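Worth saying up front: this structure is predicted, and the values here are computed from it rather than measured. Both backbone and side-chain heavy atoms feed into the values below; hydrogens, waters and symmetry mates do not.
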Amino acid sequence: MSDDRTEDRQVISDLMTGWIHRDRQDWEALATLFHPDATLRILWFDGKALDFVEGSRRMSHGPLRSKHFIGAPTVEFAGDRAFVETNAILLADHTGLGIGATVHNRFLDRVSRRDGVWRIEHRDSVYDMGGFTFPFGTRAAEDIDSDDLRSRHPREYAALAYLLESTGASVAGPFPTRFSDQEQAILDAARAWLADA
């Protein structure tokens, strides 16, 4: 049986892999992934997607570098709406501290077609697992107060939160982690949104 949504799936897949524009600091291209009124919530940002693009531009001048590896998305359609789940791996490196982090997450996106164009309407990130990396050896680990860090953030994203906070960014969770009630609430809301299409 042929999939009559093949073209739509490809366009949506291109939206997901378009996150490379953030890594490349191509802010105009990054903005085109989102509808003008789109929103998103990740560790350091909760608000309008276009404000996120501007915040990313400002962050690019700081010591935190990042790269994202984006997997193939799963897509569930309802008319001109789609719920998309995409595995991602984030590699982060704080050049000032000599400490990095690797985080496995999933983007949960509500994507819609308006005026014939598919774009992201809302993005959430669920954090599956993560930890520190030490590009210059583990000596830098001595400066991390692991007890304090564990008391403030779950292990799934604690390492990334530490790097973000070290740049002055606020991480005011909690944020959804794998199989958490928050993740389930996102999934339930997305399916209700699809059912209302």
Side-chain angles (χ1 to χ4, degrees), residues 13-27 29-30 33 40-47 49 51-74 84-109 120 123-183 186:
S13 180
D14 289 347
L15 285 176
M16 301 302 108
T17 57
W19 204 244
I20 193 174
H21 300 312
R22 186 175 189 278
D23 296 343
R24 296 178 63 241
Q25 299 182 14
D26 187 342
W27 311 120
L30 180 63
L33 305 180
L40 84 163
R41 183 172 187 252
I42 58 173
L43 280 190
W44 62 273
F45 184 87
D46 184 4
D51 291 337
F52 162 77
V53 173
E54 184 55 37
S56 296
R57 184 199 307 268
R58 290 194 302 272
M59 186 178 282
S60 71
H61 299 296
L64 190 60
R65 304 288 184 261
S66 64
K67 185 171 182 64
H68 299 78
F69 293 86
I70 307 296
T74 62
V84 185
E85 184 169 357
T86 310
N87 274 314
I89 301 172
L90 166 63
L91 304 179
D93 179 24
H94 193 299
T95 59
L97 298 177
I99 299 173
T102 300
V103 177
H104 295 252
N105 70 300
R106 281 168 293 130
F107 290 123
L108 303 181
D109 292 302
I120 298 169
R123 165 163 283 188
D124 283 295
S125 182
V126 174
Y127 299 90
D128 291 338
M129 64 184 73
F132 285 105
T133 58
F134 302 98
F136 300 107
T138 58
R139 185 169 185 176
E142 298 171 7
D143 297 329
I144 299 170
D145 185 340
S146 57
D147 291 335
D148 174 66
L149 190 58
R150 280 195 298 264
S151 73
R152 295 185 298 108
H153 302 295
R155 65 178 298 156
E156 288 86 351
Y157 60 78
L160 181 57
Y162 179 85
L163 297 185
L164 285 163
E165 290 172 340
S166 296
T167 69
S170 174
V171 179
F175 292 88
T177 55
R178 188 180 186 196
F179 303 139
S180 66
D181 290 342
Q182 280 187 298
E183 178 186 357
I186 292 168

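Between Ser125 and Phe175 the shortest side-chain heavy-atom distance does not fall below 4.5 Å. You'll find the side chain of Phe134 stays beyond 4.5 Å of the side chain of Leu97, heavy atoms only. At least one side-chain heavy atom of Met59 sits less than 4.5 Å from a side-chain heavy atom of Leu164.
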- Dump the intermediate steps for side chain to side chain contact (heavy atoms under 4.5 Å, CB included) on Trp19 and Phe69, then the final yes or no. CA-CA 9 Å; Trp19 204 244; Phe69 293 86; over 6 Å; no
- Message: Using side chain to side chain contact (heavy atoms under 4.5 Å, CB included), reason through Asp124 and Phe107 one step at a time and then give a plain yes or no.
- Response: CA-CA 6 Å; Asp124 283 295; Phe107 290 123; over 6 Å; no
- Please walk me through it: do His21 and Trp27 pass side chain to side chain contact (heavy atoms under 4.5 Å, CB included)? CA-CA 7 Å; His21 300 312; Trp27 311 120; over 6 Å; no
- Worked check of side chain to side chain contact (heavy atoms under 4.5 Å, CB included) between Trp44 and Leu64: CA-CA 13 Å; Trp44 62 273; Leu64 190 60; over 6 Å; no
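Thr102 contributes atom OG1, which lies 8.0 Å from atom CG of Leu90 (distance to the nearest 0.5 angstrom). To the nearest 0.5 Å, the span separating CG on Asn87 from CZ on Arg106 amounts to 7.0 Å. Of the inter-residue distances, the one linking Lys67 atom NZ with Ile20 atom CD1 reads 5.5 Å to the nearest 0.5 angstrom. Within the model, atoms CZ of Phe132 and NE2 of His94 stand 11.0 Å from one another, a figure rounded to the nearest 0.5 Å. The CG atom of Asp145 sits 8.0 Å away from the OG atom of Ser151 when rounded to the nearest 0.5 Å. A distance of 11.5 Å separates CZ in Arg24 from CG in Leu30, rounded to the nearest 0.5 Å.
Taking both residues in full, the closest heavy atoms of Phe52 and Ile42 are given as CE1-CD1, 3.4 Å, listed atom of the first, atom of the second, then distance. Of all heavy-atom pairs spanning Ile144 and Leu149, the tightest one is CG2-CD2, 4.3 Å. The minimum heavy-atom distance between Leu40 and Ala49, with the atom names listed, is CD2-CA, 3.7 Å. Pairing each heavy atom of Pro176 with each of Ile186, the nearest pair is CG-CD1, 3.8 Å. Closest non-hydrogen pair, Pro174 versus Gln182, comes out as O-NE2, 3.2 Å. Between Thr133 and Ala101, the shortest heavy-atom distance links the atoms OG1-N, 3.3 Å.
The neighbour count for Asp148 CG, taken as heavy atoms of other residues, nucleotides or ligands under 6.0 Å away, is above 12.
With sequence neighbours left out, Arg65 forms a salt bridge (charged side-chain N to carboxylate O under 4.0 Å, His left out) with no residue at all. Annotation: salt bridge (charged side-chain N to carboxylate O under 4.0 Å, His left out) contacts of Asp109 (sequence neighbours excluded): Arg123.
Within the structure, every pair that satisfies the side-chain hydrogen bond (donor to acceptor under 3.5 Å, both in side chains) test and touches residues 155-165, not counting sequence neighbours, is listed here: Arg152-Glu165, His153-Glu165.
At least one donor-acceptor pair under 3.5 Å links the side chain of Thr95 to the backbone N or O of Pro63.
If you check the side chains of His68 and Asp23, you find a donor sitting under 3.5 Å from an acceptor.
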